[in-house]
Amino acid sequence: MISENPRVRFAPSPTGYLHVGGLRTALYNYLFAKHNNGSFILRIEDTDRNRFVEGAVENLISTLKWIGLDFDEGQGKGGDCGPYMQSERLDIYKKYADELVNKNRAYYCFCSAERLTALREEQQKNKQQGMYDKHCLHLSKEEVQENLAKGLPYVIRLNVEKGKQIVINDVIRGVVEFHSDIIDDQVLLKSDGYPTYHLANVIDDHMMKITHVIRGEEWLSSTPKHILLYEYFGWEKPVFAHLPLLLNPDKSKLSKRQGDVAVEDYKAKGYLKEALLNFVALLGWTAGDDQEFYYLDELVSKFDLNRVNKSGAVFNVEKLNWLNGEHLRKKSQIQLLELLKDHLLTTVYKDNSYSDKYLIEVIESMKERVLFIHEIAEKAPYFFETPSGYDEALLKKRWKPETPSQLNKLLERFEKLENSDKEGFEIALKQTVEEFNTGVGTLIHPVRLAVSGIGNGPGLYDILHIIGKDETIKRIKTALNKISI
RNA sequence: GGCGCGUUCGUCUAGUGGCUUAGGACGCCGCCCUCUCAAGGCGGAGAUCACGGGUUCGACCCCCGUACGCGCUACCA
């Protein structure tokens, strides 16, 4: 348990939708915060105006809300450390960038894009490390003022002190060292007045009192720049934890092309938020025991940052599917009923009306046979409409020449039933079968076919009970008319 | 190219020097249950612990090297 109350943040860029990798980062931050009685903050890093996507912020927030990762502070929620949208903090970044310039830990740079590319090409040709050559560091105060007065475009660069060893003590990776000689004089403030990630991130984490920076491994390489910034500002550093990456089946960094990456895609496909959260939590972390099924609150109580893996994890949909089925089966009747009703609204059955009692019976008979709620209607359409045809192969196998006469006998018994109780159908069928001196199978299969059109599903007597005596008789008669062999 | 990180069944992983003939889960296969399909139960195949050297009485676990993979190397995050 961390003694003081930690503060962590999830800081996505509004460049599209919430990525499942982002979801896992958000989840681990959330779990860490909640486990340690801390705060989870949402900050929007919209410093790249070219990549900004309209509506992405709202989308991010609503997706986070759907999945149930509530934040304590942040964009759309408020708090004492706002604004939480970086584009609304531009004056802050400029102020701190200037502070660094005054301390000689950063400097104005007026180099053109042309000079920069020429420099890079030259370095490449000589097989040198591609780095800015500190050309503008040597500009005098007067020259800088002159250029500024002329309105020349400029950036502010970090003045990296060479010859230093920079040490990161990462919770997940242990000690990682970098030499400052290979760290570029990173642009901190862009010519459009916006900060780069590095500057904004460090300033905001400091001002928002972030204690633990939990982010993807792709940031590990730029962490020394951040460390330098903390040192140059004279600020206390947060604890760093770099999470392993989520991978495609071919082990490359998880991307579109090789499957769905947006949380919304999974939502649209009918995945339960509980399953998605459960699955993603296990991609890089285990409690160390054999438990695989978790609800969010259990994850909160068991989560431990020290038990996070170092290596990347392939996002394997098969296991997610299984977990979805597990979570589905654990849901209450009422929850499943709501889920099914919502789904039916999106199908051709949307204008039909089914009683709750009926739908609950359908759910009870089907929930062990599906992984997704939508599979109920797909795998058992006969609960929602009369069969439109009969499985050919099965017909051949189960529908014998003597079947019609046997079914007619069965119908006689069914007609006499007083209600739609399971037992009534069962007794009637068994009596009929005895009369013909054969096994139950000779009638069960043809009846199943007549009533559902297909060969699999819940127990036959359950199906008959659910659709009821009248519908059962009607369907068998229809089948007798339609099927002729 | 440089720098950094990583490497246990197909996949997610357990494992912190002897308890390991490497355990679990998903998927796959088989059996049981059974009117079918599932669910459930039982069982099976599947990992020379990337490779090569050390250290040690003993290494998946510690050290070194190599290979491979991935990340970063932008006025993108």
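All chains are named by letter (A, B, ...) in the order of the sequence lines, taking the proteins before the strands, and each is independently numbered beginning at 1.
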(Q) For A:K237, is there an ion pair with A:E231 - N to carboxylate O distance below 4.0 angstrom? (A) yes
Using a cut-off of 4.0 Å on non-hydrogen atoms, how would the nucleic acid contact of [X] be classed: base, sugar-phosphate, or nothing?
| X | result |
| --- | --- |
| A:T286 | sugar-phosphate |
| A:R173 | sugar-phosphate |
| A:E177 | sugar-phosphate |
| A:P458 | base |
| A:N309 | sugar-phosphate |
| A:V440 | nothing |
| A:F178 | sugar-phosphate |
| A:L245 | sugar-phosphate |
| A:E292 | base |
| A:L220 | sugar-phosphate |
| A:T47 | sugar-phosphate |
| A:G439 | nothing |
| A:G441 | nothing |
| A:R215 | nothing |

Q.
Please enumerate all residues that pass salt bridge (charged side-chain N to carboxylate O under 4.0 Å, His left out) together with A:R448, with sequence neighbours excluded.
A.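 A:R448 satisfies salt bridge (charged side-chain N to carboxylate O under 4.0 Å, His left out) with no residue once adjacent residues are dropped.
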How far does the [atom1] atom of [N] sit from the matching atom of [M], given to the nearest Å?
| N | M | atom1 | answer |
| --- | --- | --- | --- |
| B:C9 | B:A22 | P | 14 Å |
| B:U20 | B:G65 | P | 34 Å |
| B:G46 | B:U7 | P | 25 Å |
| B:G54 | B:C61 | P | 15 Å |
| B:U21 | B:C68 | C1' | 30 Å |
| B:G41 | B:G24 | P | 14 Å |
| B:C26 | B:U16 | P | 24 Å |
| B:G18 | B:G58 | P | 14 Å |

Nearest to the [X] side chain among [options], which nucleotide is it?
| X | options | result |
| --- | --- | --- |
| A:E218 | B:A38, B:G6, B:G71 | B:G71 |
| A:Y461 | B:C75, B:C35, B:A77 | B:C35 |
| A:W322 | B:C26, B:A77, B:A74 | B:C26 |
| A:S221 | B:G2, B:A77, B:C72 | B:C72 |
| A:A313 | B:A74, B:U13, B:C5 | B:U13 |

Q) Where do A:P446 and A:R398 come nearest, in terms of heavy atoms and distance? A)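 Of all heavy-atom pairs spanning A:P446 and A:R398, the closest is CG-O, 3.6 Å.
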Q) Looking only at heavy atoms, what is the nearest atom pair of A:K190 and A:D48, with distance? A)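 Taking A:K190 first and A:D48 second, the nearest heavy atoms are NZ-CA, 4.0 Å.
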Below the 4.0 Å mark, does [N] have OP1 or OP2 next to a side-chain nitrogen or oxygen of [X]?
| X | N | value |
| --- | --- | --- |
| A:K251 | B:U11 | yes |
| A:R307 | B:U13 | no |
| A:N126 | B:G1 | no |
| A:K190 | B:C76 | yes |

Q | A:R157 NZ/CZ over A:Y132 ring centroid, <6.0 Å and within 45° of normal | A |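 Output yes; distance and angle both within limits.
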Q) Under 6.0 Å from the six-membered ring centre of A:F293 and within 45° of its axis: does the NZ or CZ of A:K330 meet both? A) yes
Write down the distance between [atom1] ([X]) and [atom2] ([N]), rounded to a whole number of angstrom.
| X | N | atom1 | atom2 | result |
| --- | --- | --- | --- | --- |
| A:L243 | B:C5 | CG | P | 17 Å |
| A:Q129 | B:C72 | CD | P | 16 Å |
| A:H135 | B:C75 | NE2 | P | 16 Å |
| A:K253 | B:G6 | NZ | C1' | 15 Å |
| A:K127 | B:G1 | NZ | C1' | 7 Å |
| A:K125 | B:G2 | NZ | P | 20 Å |
| A:E378 | B:C37 | CD | C1' | 16 Å |
| A:K319 | B:C9 | NZ | P | 14 Å |

Can you see whether [X] engages [Y] through a side-chain donor-acceptor pair at a distance of less than 3.5 angstrom?
| X | Y | value |
| --- | --- | --- |
| A:T47 | A:R89 | no |
| A:E435 | A:Q406 | no |
| A:Q123 | A:Q129 | no |

Q | First of A:R398 and A:L320 reached from the 5' end of RNA chain B, by closest nucleotide | A |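 Nearest nucleotide further toward 5': that of A:L320.
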Q. For A:R157 and A:P244, take the nucleotide of RNA chain B holding the closest heavy atom to each; which residue's nucleotide lies nearer the 5' end?
A. A:P244
Q) When you check every protein heavy atom under 4.0 Å of nucleotides 43-48 of chain B, what one-letter string (B, S, -) results, 5' to 3'? A) ------
